[in-house]
Amino acid sequence: MKVTFNINFHTVWGQKLCIVGSLPELGSWEPALAKEMNYKGDGNWQLELELELTSPQQTIEYRYFLSINDKQIFEEWEKNHQVTFEGHANHYTLYDYWQIRPANLAFYSSAFTKSLFAHPCNTYERVVKSGKKLTIKISAPRVEKWQSVAITGNQECLGNWHPDKALILSCDTFPDWHIDLDANDIIYPLEYKFLVYDNDKHQPLYWEEDENRKLDLPPQDFGETVVVSGLSFRDNLPLWRCAGTVIPVFSLRSEQGFGVGDLGDLRMLVDWAKKTRQRIIQVLPMNDTTMSHTRSDSYPYSAISVYALHPMYISLPLMGELKDADRAAFYKAKQEELNAKDFVDYEAAVGYKLAYCREFFSQEGQAILSSPEYREFFEQSQSWLMPYAAYSYLREKYQTSDFTKWDKNAIYNKSQIRELCSEDSDAYPEISFYYFLQYILHTQFKSVSDYARKNGIVLKGDLPIGVNRTSIDAWTEPQYFNMNGQAGAPPDDFSVNGQNWGFPTYNWDIMEKDHFSWWKKRFHKLSDYFDCFRIDHILGFFRIWEVPLDYIQGLCGHFNPALPFTREEIEQYGLTFNEARFTTPHINRKFLPELFGDLAEEVEGTYLAQSSSNHFVLKSFCDTQRKIEAIFGGKTDEVSLRLKDGLFAIANEVLFLRDPQEKEKFHPRISASHSYIYSELNTSEKYAFDQLYWDFFYHRHNDFWKAQAFKRLTPLVGSTNMLVCGEDLGMIPESVPDVMNKLQILSLEIERMPKTPQREFSDLFSLPYNSVCTTSTHDMSPLRNWWKEDREKIQRYYNNVLHYEGQAPGECSSEIAVRIITNHLATNSMLTIIPLQDWFAIDDTVKRKDIEAERINVPANSNHYWCYRMHIPLERLLMKDEFNDKVAQLIVASGRK
């Protein structure tokens with residue numbers, strides 16, 4: 001069969017246009033084997049091929065790219081052209097339009113195509129009797145479920161411009177539409193236009209924008225099919241916006257639950273979201289975090305696997321009942337005991353749920369593991385499932401998640417692990433239990449995900465920036481991780497001493513060599529359950545805050561990658577570089593009373609060594625924060641805490657940090673102007689340091705970090721169909737908005753964390769459309785707590801933002817909460833997602849009395865216990881008609897869908 005490719009694309013001398021695709025004749029996606037097109041003049045390029053069809057109907061995909069000197073320099077947007085060849089045609093002539101990244105990229109995401117606007121595959125068959133078929137394809141993503149795309153034009157076969165005679169297009173795979181026309185019925189030039197049609201009322205709704213489309217093609221031969229593709233519907237519709245809720249799944253509460261939120265509760269939350277006219281539910285990470293079986297495992301951002309789900313999310317009622325009546329009664333009593341608690345009792349809830357799962361596995365496991373559904377899951381998942389099960393088994397065997405202490409398994413060996421996991425292994429009964437847990441989780445989550453999509457609710461996941469340093473990923477793929485550094489965040493509103501998450505940093509150079517396959521696999525796994533996700537700390541794709549292993553706090557970290565100063569560069573600013581003075585932690589005697597009070601003399605004699613007449617350094621047994629932590633670890637008395645904090649502060653007393661790779665280069669210490677060592681500089685030294693500091697943190701890296709982010713994020717965003725959002729809070733480089741705008745990653749906007757300098761609060765009415773607007777995050781205090789934190793700030797907010805007169809009340813009343821949420825719903829942001837606690841704040845009959853119990857996390861406390869639990873069961877929440885109507889009315893009044 002003959003196939004002729006045509007495209008109009010203007011090039012310059014020396015450039016070539018090529019096609020690569022799924023056929024061997026098109027290089028099987030290998031750019032080096034792509035077919036070069038022939039230039040026909042006026043920007044027209046053509047390629048003729050003879051193809052052998054392997055089936056009566058064969059679908060191929062392809063894309064165009066530009067090359068110079070045999071190097072690919074520019075290619076189309078990631079969405080491939082697609083055509084289905086049918087055996088009755090002997091010639092296909094394809095007229096394509098170059099596909100660029102659309103300005104409304106979000107509407108091409110699975111959030112819209114699989115949920116919000118999901119369309120059935122409606123096919124309107126039209127018989128082409130002449131053997132000369134013309135197929136016109138168009139992409140139209142902003143077409144809602146009750147609408148279709150139609151076409152009319154200046155021909156009888158297209159209704160002669162009568163909208164009521166327009167022809168409805170077939171929806172193949174939304175948002176792609178097509179129509180088949182008989183070319184014998186067309187006289188060229190053809191003028192036509194698309195419109196959107198109301199399926200329920202059987203009438204046109206609106207036309208596409210701009211002038212008529214024109215098509216002037218040569219006459220077709222018998223048996224020839226002409227396909228025109230790459231068109232996009234031109235709309236000028238109002239901004240589409242929706243509202244939703246954010247809540248950790250573990251925080252959900254129901255009468256059917258077991259002391260901790262699970263996938264059955266998430267299904268009920270979908271019902272509540274639909275009832276209140278919400279369209280999106282955002283959750284926190286749900287990956288397994290089990291290291292010690294203690295409450296420290298409650299931290300959801302410290303995953304042991306980027307694929308495995310946490311077993312606590314299994315819904316026991318959805319899994320099945322125990323046949324042993326006594327055991328069933330035992331667990332029923334435990335369920336009632338745990339459900340009565342106002343917080344998540346992590347250890348008890350997880351412990352009893354796992355025990356129940358073990359008994360159910362003994363009862364039903366053999367049948368489940370023998371099912372074809374399980375075998376399919378295992379075959380698709382074994383690349384991560386087998387290491388996960390082996391890790392879980394070895395963690396229990398050695399009573400530690402630190403794989404470096406696992407004897408012969410300290411270094412991952414694939415063949416050894418396969419042997420350990422084989423069905424004739426002594427470990428298999430335990431290994432298969434972990435398989436079982438992940439299978440149950442997968443089937444339950446897929447069911448909830450499908451249920452959400454069916455009800456037009458988008459599930460939004462959360463992708464943590466890091467993984468635990470004793471995780472399965474660090475064990476199985478150590479080449480990706482730098483174990484000599486700790487990931488964290490520089491000082492911000494959350495923590496004045498910065499944050500040290502303890503995660504290993506990444507070897508991005510290694511990741512780049514295999515085209516970021518580890519990240520792409522993470523994205524792919526998320527898409528099993530979610531149609532939208534949030535990249536936690538997206539700034540980490542620009543640069544990560546790396547803290548040396550000797551430090552507990554984050555102040556003495558540095559950005560990686562970065563461009564540290566040489567000694568000569570530092571001195572060009574006018575600061576004489578004294579390495580010993582500026583890079584060795586030390587303290588002046590006069591500051592000791594401020595740090596230690598009446599303990600100053602004891603500290604000087606016990607912990608400090610004199611380095612000059614007035615200055616001291618830390619003695620060798622306590623000269624790092626890691627050593628200091630070991631000395632005072634576990635001690636909670638006031639004296640010990642004061643000593644530890646003071647010694648920590650001395651360990652931070654440097655102006656510059658030596659780069660760990662380039663030893664003769666230095667990073668200015670973050671927030672150095674608040675240090676004691678800075679206060680001892682003379683006026684000219686302070687001026688010089690301020691100049692180099694400003695340049696380093698706010699200018700020097702802008703282009704460098706932008707290039708890093710584009711290099712990493714472009715292929716990753718292009719590899720997924722999910723709607724991508726980024727958590728871009730904190731110390732934001734100037735280049736971040738540009739990168740996120742170009743890649744159309746939705747930003748995060750919070751009124752009390754403005755991104756504009758010199759503003760105390762964000763201007764909600766100037767927020768970008770491609771953004772997520774919220775009142776707070778899990779790291780922040782909910783509205784009612786925030787209202788009590790800083791009275792002067794709240795007074796300004798009350799008068800200048802909410803425009804109330806007089807004295808601000810001591811409590812955030814339901815009326816005030818309604819005003820705040822109404823303002824957030826009124827923004828241009830595509831998504832306004834409100835924490836569940838803040839939704840509750842709008843109604844006095846629903847909100848919790850104890851506001852202190854509503855905080856999810858305190859970032860400054862690295863040992864925070866993540867145990868927040870909603871105070872009202874979902875069954876009762878669904879029956880709170882007055883409150884639910886109030887939520888729905890606020891959303892509808894804001895114009896959100």
Side-chain angles (χ1 to χ4, degrees), residues 243-248 250-253 261 269 272 276 278 282 284 342-344 493-494 729 748-754 760-762 764 773-804 806-827 832-861 864-874 876-877 880 882-884 886-887 889-891:
T245 291
V246 54
I247 182 75
F250 64 75
S251 299
L252 298 176
R253 184 190 199 113
L269 191 66
W272 178 72
T276 53
Q278 299 183 67
Q282 178 179 331
L284 268 57
D342 288 333
F343 65 98
V344 176
D493 290 349
F494 297 134
L729 303 178
L748 181 59
E749 307 294 338
I750 301 177
E751 188 175 37
R752 61 179 113 153
M753 288 191 70
E760 187 172 23
F761 305 103
S762 297
L764 292 181
C773 174
T774 187
T775 49
S776 61
T777 74
H778 61 269
D779 281 330
M780 301 167 69
S781 49
L783 277 178
R784 293 193 297 151
N785 304 64
W786 173 65
W787 197 264
K788 289 177 169 290
E789 289 174 356
D790 185 334
R791 292 304 304 160
E792 292 182 2
K793 186 172 186 176
I794 288 301
Q795 185 64 54
R796 293 190 295 273
Y797 181 76
Y798 184 76
N799 297 140
N800 303 331
V801 178
L802 298 183
H803 302 297
Y804 286 114
Q807 189 73 20
E811 303 280 343
C812 178
S813 66
S814 57
E815 176 194 346
I816 291 172
V818 166
R819 176 78 69 94
I820 294 171
I821 288 177
T822 297
N823 288 346
H824 284 72
L825 291 171
T827 66
T832 291
I833 303 180
I834 304 295
L836 188 62
Q837 306 96 303
D838 290 349
W839 278 124
F840 288 160
I842 70 173
D843 193 300
D844 292 335
T845 66
V846 172
K847 65 188 181 187
R848 194 181 207 135
K849 291 182 180 178
D850 179 12
I851 67 172
E852 296 305 320
E854 295 197 322
R855 184 76 188 255
I856 295 175
N857 179 42
V858 181
N861 178 8
H864 181 79
Y865 182 20
W866 296 63
C867 61
Y868 166 68
R869 192 175 186 212
M870 59 188 287
H871 64 291
I872 178 171
L874 285 157
R876 279 174 44 206
L877 182 62
K880 292 281 185 180
E882 186 175 336
F883 167 68
N884 294 332
K886 194 172 186 179
V887 173
Q889 288 165 10
L890 288 175
I891 293 171

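All values reported here derive from a predicted model rather than from experimental measurement.
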Handout entry: Stepwise side-chain contact (heavy atoms from CB on, under 4.5 Å) check, E815 with V818
Key = CA-CA 5 Å; E815 176 194 346; V818 166; 5.8 Å; no
Exercise for the section: Apply side-chain contact (heavy atoms from CB on, under 4.5 Å) to I856 and Q837, showing your working. Expected result: CA-CA 10 Å; I856 295 175; Q837 306 96 303; 3.5 Å; yes
Practice task
Go through the steps to decide whether I247 and Y868 satisfy the test side-chain contact (heavy atoms from CB on, under 4.5 Å), and finish with yes or no.
Solution key: CA-CA 10 Å; I247 182 75; Y868 166 68; 3.6 Å; yes
Practice task
Evaluate the criterion ring-ring contact (aromatic ring centres under 6.0 Å, His included) for residue pair F761 and Y797; output intermediate values, then yes/no.
Solution key: CA-CA 8 Å; F761 305 103; Y797 181 76; 5.0 Å; yes
Problem - Intermediate values then yes/no, side-chain contact (heavy atoms from CB on, under 4.5 Å), W866 and L284 - result: CA-CA 11 Å; W866 296 63; L284 268 57; 3.8 Å; yes
Handout entry: Step-by-step side chain to side chain donor-acceptor pair (under 3.5 Å) determination, Q282 to T245
Key = CA-CA 6 Å; Q282 178 179 331; T245 291; over 6 Å; no
Practice task
Evaluate the salt bridge (charged side-chain N to carboxylate O under 4.0 Å, His left out) criterion for residues R848 and E854: first the C-alpha distance (whole Å), next the side-chain angles of each, then the deciding distance (0.1 Å), finally the verdict.
Solution key: CA-CA 8 Å; R848 194 181 207 135; E854 295 197 322; 5.1 Å; no
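Here the closest non-hydrogen pair linking W839 and G244 is NE1-O, 3.4 Å. Taking both residues in full, the closest heavy atoms of A841 and A817 are given as O-CB, 3.5 Å, listed atom of the first, atom of the second, then distance. The minimum heavy-atom distance between S776 and P782, with the atom names listed, is OG-CA, 4.1 Å. Of all non-hydrogen atoms in Y798 and P809, the two that sit nearest each other are CE1-CD, 3.5 Å. Here the closest heavy-atom approach between residue I833 and residue T774 is recorded as O-OG1, 2.6 Å. Nearest heavy-atom pair, I891 versus Q278, reported as atom, atom and distance to 0.1 Å: CD1-CG, 3.5 Å.
Interatomic distance, CD1 of I834 versus CD1 of I842, reported as 9.5 Å (0.5 Å rounding). Between atom CG of residue L825 and atom SG of residue C773 there is a gap of 8.0 Å, rounded to the nearest 0.5 Å. Note that CZ of R253 is 6.0 Å distant from CG of D342, once rounded to the nearest 0.5 Å. One distance of note links CH2 of W786 with CZ of R752; it measures 6.0 Å at 0.5 Å rounding.
A donor-acceptor distance shorter than 3.5 angstrom exists from the side chain of R791 to the backbone of A808, with no hydrogens or angles considered. Panel note: side chain H871, backbone K849; no donor-acceptor pair is recorded below 3.5 Å. For the pair R855 (side chain) and D779 (backbone), a donor-acceptor distance under 3.5 Å is present. Of the possible polar contacts, none joining the K886 side chain to the D843 backbone as a donor-acceptor pair under 3.5 Å is found. Counting only distance, with no hydrogens or angles, the side chain of D838 and the backbone of L783 share a donor-acceptor pair below 3.5 Å. Side-chain atoms of S762 come within 3.5 Å of backbone N or O of I750 as a donor-acceptor pair. Side chain of T827 to main chain of L764: no donor-acceptor pair is present (N/O by atom type, distance under 3.5 Å, no hydrogens or angles). Between the T832 side chain and the H824 main chain, a donor and an acceptor come within less than 3.5 Å of each other. N884 places a side-chain N or O within 3.5 Å of a backbone atom of K880 that can act as its donor or acceptor partner. A donor-acceptor contact shorter than 3.5 Å is absent between the side chain of R869 and the backbone of S251.
Within a 6.0 Å sphere centred on CD of E792, heavy atoms belonging to other residues, nucleotides or ligands number 12 at most. Counting non-hydrogen atoms of other residues, nucleotides and ligands closer than 6.0 Å to CD of E811 gives a total of 12 or fewer.
Ring geometry for F883 versus W272: interplanar angle under 30°, hence parallel rather than tilted (30 to 60°).
Residues S781 and E789 are in side-chain contact: their nearest non-hydrogen atoms beyond the backbone lie under 4.5 Å apart. Here the side chains of L836 and V246 are not in contact, with every heavy-atom distance at 4.5 Å or above. When side chains are defined from C-beta on, L748 does not count as touching M753, because their heavy atoms never get closer than 4.5 Å.
A cation-pi arrangement is found for R819 relative to Y804, the charged atom lying closer than 6.0 Å to the ring centre and inside a 45° cone about the ring normal.
Side chains of N799 and Q795: a donor-acceptor N/O pair is present below 3.5 angstrom, by distance only.
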